[in-house]
A.B. asks: 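If you scroll down you'll find the structure; I have some questions about it.
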2 protein chains.
Amino acid sequence: MAPDAPRPPRSRTAADVLRRLIFDGELAPGSDHLETELATRLGMSRTPIREAAVQLAAQGLVELRPRKGLRVLPISPEDMREIYEVLTELESGAAGRAAERSHAPGVLDELEAAISDMDAALDRDDRDAWADADDTFHRLLMRLGGNTRAEAVVAMLADQVRRARAVTLWSRPLPVQSNADHRAVLDAIRRGDAETARAIHRTHRETAGRMLLDLISRARLKAI
Amino acid sequence: MAPDAPRPPRSRTAADVLRRLIFDGELAPGSDHLETELATRLGMSRTPIREAAVQLAAQGLVELRPRKGLRVLPISPEDMREIYEVLTELESGAAGRAAERSHAPGVLDELEAAISDMDAALDRDDRDAWADADDTFHRLLMRLGGNTRAEAVVAMLADQVRRARAVTLWSRPLPVQSNADHRAVLDAIRRGDAETARAIHRTHRETAGRMLLDLISRARLKAI
DNA sequence: GCGTTCGGATATGCATACACTGACGTACGC
DNA sequence: GCGTACGTCAGTGTATGCATATCCGAACGC
């Protein structure tokens, strides 16, 4: 028998469920939701809902407007630029540090595996699988950077743009260049070439950011 | 008469007061504090205290441990390294972008003023005033970078190390090189020389970080 | 003497109750 | 007809009560 898992606190459940609802678009960007309404919807009282709301607000996913309810923050092109700028700096820094450090043998293989998964997904034209593997790659890369703060910040910002990807993933060109970049970064890390790892990843993110911004502005999306 | 300000929500007061107590060291690093105790101390019920606690936890200032109370997180040398790495990357990025953008006339003068304040404080050997002006300089610099996310992240991390400065400020050498760096960054921004602004500020932060780490490890401080 | 189990004390997590504030609509005055 | 003032109502912010889970100590067994 699995030792029955202790029931997670309701506030935690609330935060998890709300996050999922936001990512899935069930709580649309820009929409308002009263605490009472959410409490009923999740089958709990307002107290844990409020606690979760405060956390999500601290992570920049929602905004708490007294009497208006909790508003799911839309991401404007300007927000997108900001987020990608920070991602670019922190991730390329992590790539550089990853190259400077030594790693347990298996770890780099995981990165390799994520890249292979992306390749395979591209062959099948399975964009969702590609996106998942891409997430994994970037998450592993941050882990290799050996800076938990940077990791946490990047995770938070990645969450903020996650919703946007649902929109852009299907209208963007197939991300083939992306994967060449990933391999080049991995190679540089293997060789311990910090400067190259940093530079390539920086360019990679800058390009991706510009492409997304372009996509969004072409689509006349004022907010996502 | 000033239109009487509406009374701020208790939860906000709680967060502000707790932050101050932490910075002032009245809630010592590593110490535990029960919600009930804090509620009594701040003259309010547990509800707003909890809300504030969740916020502070999200900012990485405290940790919520069921039944142990809220624990003021100590900063280890390792934490310090992490934080300075992120500060280095985000601030130097901001310095670079600040040089690329154009600014309203008065704005750069504020930066200049902060630097002068630091000079004056150094002449008086007034380290507290120097630290305040240094804060102002770095805050303004981030503002000039034009990235509110980066600004928020940096502010959060600066808060995390604020306590440490109380310890290091008095044992470190007089920060004279610091000010030369600041002027050089400002000059580069004025000239629109992004590359130089970025590079100098990066070196500035790297040096400061190494110095602090050195100071802390010399003092055998395992945590602050 | 040491380990284990049981019981009590206690802090928390959550639900609920309530007062207050801000918003909106209506009605009145001009 | 337009602007203003008042009343009503809803939602939040906060307090409080309670059930539960956990931790510590003591007592018992080995």
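So that the names make sense, note that chain A is the first sequence line, chain B the second, and so on, each numbered from 1.
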A.B. asks: In whole Å, I'd like the distance from the CG atom of A:Leu38 to the P atom of C:dA15.
C.D. replies: 14 Å
A.B. asks: Quick one, which residues of residues 42-51 of chain B touch DNA chain C with a heavy atom under 4.0 Å?
C.D. replies: B:Arg46, B:Arg50
A.B. asks: Does CZ in A:Arg101 sit with more than 12 non-hydrogen atoms of other residues, nucleotides or ligands closer than 6.0 Å?
C.D. replies: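 Counting other residues, nucleotides and ligands, CZ of A:Arg101 exceeds 12 neighbours.
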A.B. asks: Would you mind reading off the distance between A:Arg65 atom CZ and D:dG13 atom P, rounded to a whole angstrom?
C.D. replies: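 Result: 13 Å.
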A.B. asks: In terms of side-chain geometry, is the basic nitrogen of A:Arg210 or A:Glu206 positioned less than 4.0 Å from the acidic oxygen of its partner?
C.D. replies: no
A.B. asks: Among all residues two or more places apart in sequence or in another chain, which pass the ring-ring contact (aromatic ring centres under 6.0 Å, His included) test with A:His33?
C.D. replies: none
A.B. asks: Please list, pair by pair, any protein nitrogen or oxygen found under 3.5 Å from a nitrogen or oxygen in nucleotides 7-10 of chain D.
C.D. replies:
none

A.B. asks: Output the rounded distance in Å from CG (B:Asp32) to P (C:dA11).
C.D. replies: 13 Å
A.B. asks: Rounded to whole Å, please give me the gap between CG in A:Leu64 and C1' in D:dG11.
C.D. replies: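 Atom-to-atom, A:Leu64 to D:dG11, this comes out as 13 Å.
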A.B. asks: Salt-bridge test for A:Arg20 and A:Asp16: reply yes if a basic N is under 4.0 Å from a carboxylate O, no otherwise.
C.D. replies: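 The answer is no: the pair does not qualify as a salt bridge.
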A.B. asks: Do any pairs count as a salt bridge (Lys or Arg N to Asp or Glu O under 4.0 Å) and have a residue in residues 47-57 of chain B, sequence neighbours left out, and if so which ones?
C.D. replies: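 Sorted result for residues 47-57 of chain B: A:Arg50-B:Glu51, A:Glu51-B:Arg50, B:Glu35-B:Arg50.
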A.B. asks: Less than 4.0 angstrom from a charged side-chain N to a carboxylate O is my criterion; do B:Asp135 and B:Arg165 meet it?
C.D. replies: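 Salt bridge flag = yes for B:Arg165 with B:Asp135.
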A.B. asks: Is there side-chain contact between A:Leu64 and A:Val62, with at least one heavy-atom pair below 4.5 Å?
C.D. replies: yes
A.B. asks: Is the shortest distance from a Lys or Arg side-chain nitrogen in B:Arg198 or B:Glu100 to a carboxylate oxygen in the other one below 4.0 Å?
C.D. replies: yes
A.B. asks: Using whole Å, what does the distance between atom P of nucleotide D:dT12 and atom CZ of A:Arg71 come to?
C.D. replies: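 One finds 15 Å between P of D:dT12 and CZ of A:Arg71, rounded.
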A.B. asks: Would you jot down, in residue-number order, the residues of residues 10-19 of chain A having a non-hydrogen atom under 4.0 Å from DNA chain C?
C.D. replies: A:Arg10, A:Ser11
A.B. asks: Using the ring of each side chain (for Trp, its six-membered ring), is B:Phe137 parallel, tilted or perpendicular to B:His182, with breaks at 30° and 60°?
C.D. replies: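 Correct class here is tilted.
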A.B. asks: Quick test of your reading of the model: are A:Arg143 and A:Glu110 salt-bridged, counting only N-O distances below 4.0 Å?
C.D. replies: no
A.B. asks: Would you kindly give the CD-to-P distance between B:Glu35 and D:dG17, to the nearest whole Å?
C.D. replies: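 The distance from CD of B:Glu35 to P of D:dG17 comes to 17 Å, rounded to the nearest Å.
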A.B. asks: Could you check how far CZ of A:Arg7 sits from P of D:dT22, rounded to whole Å?
C.D. replies: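 Atom CZ in A:Arg7 sits about 11 Å away from atom P in D:dT22.
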A.B. asks: Restricting to salt bridge (Lys or Arg N to Asp or Glu O under 4.0 Å), what partner residues turn up for B:Glu91, sequence neighbours left out?
C.D. replies: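 Listed in chain order: B:Arg205.
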